[in-house]
Amino acid sequence: MSLPEEKFDYLISSLQSCRSCLVVTHEFPDGDAVGSLCAMVGILSGRYPALKVQAFIKTPIPETYDFLGAERFIKTDVDFKKFDQIIILDCGNLSRTGIGEQIKGQFLVNFDHHGDNDNFGRLNYVFPEASSTCEILCFLAGKLLKEPFPAEISRPLFTGILTDTGSFRFSCTSHLTHEAVSGLYRSQNAGLDAIIRKIYFEEPYPRMKLLGAVLNGMVFESGICYAEITREIWEETGTDPKNVEGLINYMSGIKNVELAILFQELPGIVKVSLRSHGTVDCQKLARKYNGGGHVQAAGIKIEGQLYAVRNEILKHIKEQLK
């Protein structure tokens, strides 16, 4: 991964003259979103102690990531116009933040690894070859701070890389990914091994009930495995969207599944998650419905009723796969 020096100079210059900065990531955050947000706050605070830094996420953080302590600096009542600069993480476009219309015209800095990113920022640091936004921030931290990084930076960076690579199983993992992680292991008292346990071996009980409902209701036909989370399932399991992250990976891990799809019934919209092993282009499928993501993982939010949306998307996908 390489970063044009002149672009990096612009970032440093902008931060030196900045008095207040807001760090934002996407709605329904995953490990990379929460990790990059926490790490960016730590990086900025470590390099620019006089800078006022706050963070914002429109929707709740999954309980799985409570150990990162993001609630310390996340604000829910924010006047977006008061910030000199807004750094947006892990978002292919402004709409992913859920506050796109409210921050248009601001000084935006865009850090992302999605290939379909539309370069919406005043400054854009978009590297599709990176496994995660946290991998990119490892590079940034190395430029702005001395190694080894403090635990409050290395822990969230490791979390984002670990989850977006599927524990280094996904094809987005590269030698650069492992180089970044090796640097994090040099951090003192980071407890990176404990993060693996917290993410994968301390699952909340309601989430496991939700997983059971998803697996029990899944349908597998012609290489496509799909399932849905209805309003009734949310109520019966006592869960909400923050409990969903990673559930689709159980479906995509089934033998002979080429495409996994998870439909979530939410107020007024249906959220659709797509996963493949590369034989199906999830990003291309998502674009038809103004969604986005990667070839192997993408998402869609579409207005409508669950069953109508499900039938329409399944029909389109089956036609495309003929």
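Numbering of residues begins at 1 and proceeds along the displayed sequence.
Distance alone, capped at 3.5 Å, is enough to place a donor-acceptor pair between the Asn117 side chain and the Cys91 backbone. At least one donor-acceptor pair under 3.5 Å links the side chain of Glu245 to the backbone N or O of Gly31. Within the 3.5 Å criterion, the main-chain N or O of Ser14 finds a donor-acceptor partner in the side chain of Ser17. At distances below 3.5 Å, at least one donor-acceptor pair connects side-chain atoms of Asp84 with backbone N or O atoms of Arg19. A donor-acceptor pair is defined here as one N or O able to donate and one able to accept, closer than 3.5 Å; such a pair exists between the side chain of Glu265 and the backbone of Arg231. Formation of a donor-acceptor pair under 3.5 Å by the Asp193 side chain with backbone atoms of Ile196 is not found in this model. Under the 3.5 Å distance criterion, the side-chain polar atoms of Thr59 are matched with a main-chain donor or acceptor of Phe28. Arg207 places no side-chain N or O within 3.5 Å of a backbone atom of Pro204 that could act as its donor or acceptor partner. For the pair Asn119 (side chain) and Asn124 (backbone), a donor-acceptor distance under 3.5 Å is absent. With Asn311 contributing its side chain and Tyr307 its backbone, the two residues share a donor-acceptor pair below 3.5 Å.
A distance of 9.0 Å separates CZ in Phe56 from CD1 in Ile103, rounded to the nearest 0.5 Å. With values rounded to the nearest 0.5 angstrom, His114 atom NE2 is found 6.5 Å from His26 atom NE2. To the nearest 0.5 Å, atoms CD (Gln102) and CG (Leu94) are separated by 11.5 Å. In this structure, CD on Gln296 lies 7.5 Å from SG on Cys172, to the nearest 0.5 angstrom. To the nearest 0.5 Å, atom CD of residue Gln106 and atom CD1 of residue Ile86 are 4.5 Å apart. Rounding to the nearest 0.5 angstrom, the gap separating the CG atom in Asp112 from the CZ atom in Phe127 is 11.0 Å.
Both Val280 and Ile224 belong to a single network of hydrophobic side chains, linked directly or stepwise wherever heavy atoms of I, L, V, M, F, W or Y lie under 4.5 Å apart. If you chain together hydrophobic residues whose side chains sit under 4.5 Å apart, Ile74 and Leu137 fall into the same group. Put simply, Ile199 and Ile248 are part of two different groups of oily side chains (I, L, V, M, F, W, Y) that touch within less than 4.5 Å, one to the next. A continuous path of ILVMFWY side-chain contacts below 4.5 Å connects Val219 to Leu321, so both sit in one hydrophobic cluster. Hydrophobic clustering (side-chain heavy atoms under 4.5 Å, transitive across Ile, Leu, Val, Met, Phe, Trp, Tyr) keeps Ile261 apart from Phe170.
Of all heavy-atom pairs spanning Ser20 and Leu51, the tightest one is N-CD1, 3.7 Å. For the residue pair Gly46 and Leu145, the shortest heavy atom distance occurs at C-CD2, 3.9 Å. Cys282 and Ala297 get closest at one heavy-atom pair: CB-N, 4.0 Å. Of all heavy-atom pairs spanning Gln264 and Ser273, the tightest one is NE2-OG, 4.2 Å. The minimum heavy-atom distance linking Asp116 with Gly293 is given by the pair OD2-N, 3.0 Å. For the residue pair Leu44 and Val23, the shortest heavy atom distance occurs at CD1-CG2, 4.1 Å.
Thr25 has its side chain out of reach of Met40: every pair of non-hydrogen atoms, C-beta onward, lies at least 4.5 Å apart. Using a 4.5 Å heavy-atom threshold, the side chains of Leu259 and Leu285 count as touching. Side-chain contact between Arg275 and Asn249 is present, with heavy atoms from C-beta onward closer than 4.5 Å. Using a 4.5 Å heavy-atom cutoff, the side chains of Glu228 and Leu262 are not in contact. Within the 4.5 Å cutoff, the side chain of Phe120 has heavy atoms near those of the Ile88 side chain. At a threshold of 4.5 Å between non-hydrogen side-chain atoms, the residues Thr163 and Thr165 do not count as touching. Between Ile57 and Val24, the closest side-chain pair of non-hydrogen atoms is not below 4.5 Å. With contacts defined as side-chain heavy-atom distances shorter than 4.5 Å, the pair Phe220/Lys255 does not qualify.
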> Leu192 and Val181: side chain to side chain contact (heavy atoms under 4.5 Å, CB included), yes or no, with the steps?
Replying inline: CA-CA 10 Å; Leu192 301 187; Val181 170; 5.6 Å; no
> Is there a side chain to side chain donor-acceptor pair (under 3.5 Å) between Asp164 and Ser132 once you walk through the steps?
Replying inline: CA-CA 6 Å; Asp164 249 29; Ser132 55; 5.3 Å; no
>> Test side chain to side chain contact (heavy atoms under 4.5 Å, CB included) on Phe111 and Leu140; report intermediate values, then the result.
In response: CA-CA 10 Å; Phe111 280 90; Leu140 176 68; 3.9 Å; yes
> Is there a side chain to side chain contact (heavy atoms under 4.5 Å, CB included) between Lys288 and His316 once you walk through the steps?
Replying inline: CA-CA 10 Å; Lys288 175 177 171 58; His316 170 71; 2.9 Å; yes
> Passes side chain to side chain donor-acceptor pair (under 3.5 Å), Gln16 versus Tyr48? Steps please.
Replying inline: CA-CA 8 Å; Gln16 287 174 338; Tyr48 306 101; 5.2 Å; no
> Does the pair Arg186 and Glu147 meet the rule for a salt bridge (Lys or Arg N to Asp or Glu O under 4.0 Å), with working shown?
Replying inline: CA-CA 8 Å; Arg186 288 191 288 271; Glu147 292 191 36; 3.3 Å; yes
>> Run the side chain to side chain contact (heavy atoms under 4.5 Å, CB included) test on Tyr200 and Ser167 for me, step by step, so that the C-alpha distance in whole Å, both residues' side-chain angles and the decisive distance to 0.1 Å come before the verdict.
In response: CA-CA 10 Å; Tyr200 296 113; Ser167 301; 3.0 Å; yes
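Arg155 and Glu152 are not joined by a salt bridge, as no carboxylate oxygen comes within less than 4.0 angstrom of a charged side-chain nitrogen. The residues Arg197 and Glu202 are annotated as salt-bridged, a charged nitrogen and a carboxylate oxygen being separated by less than 4.0 angstrom.
In this structure, Lys81 places its NZ atom where more than 12 heavy-atom neighbours from other residues, nucleotides or ligands lie under 6.0 Å away. By the neighbour-count criterion of 12 heavy atoms within 6.0 Å, atom CD of Gln305 is sparsely surrounded, having that number or fewer from other residues, nucleotides or ligands. The environment of CD in Glu303 is sparse: at most 12 heavy-atom neighbours from other residues, nucleotides or ligands sit within 6.0 Å.
A tilted orientation is assigned to the rings of Phe168 and Phe158, their planes being inclined by 30° to 60°.
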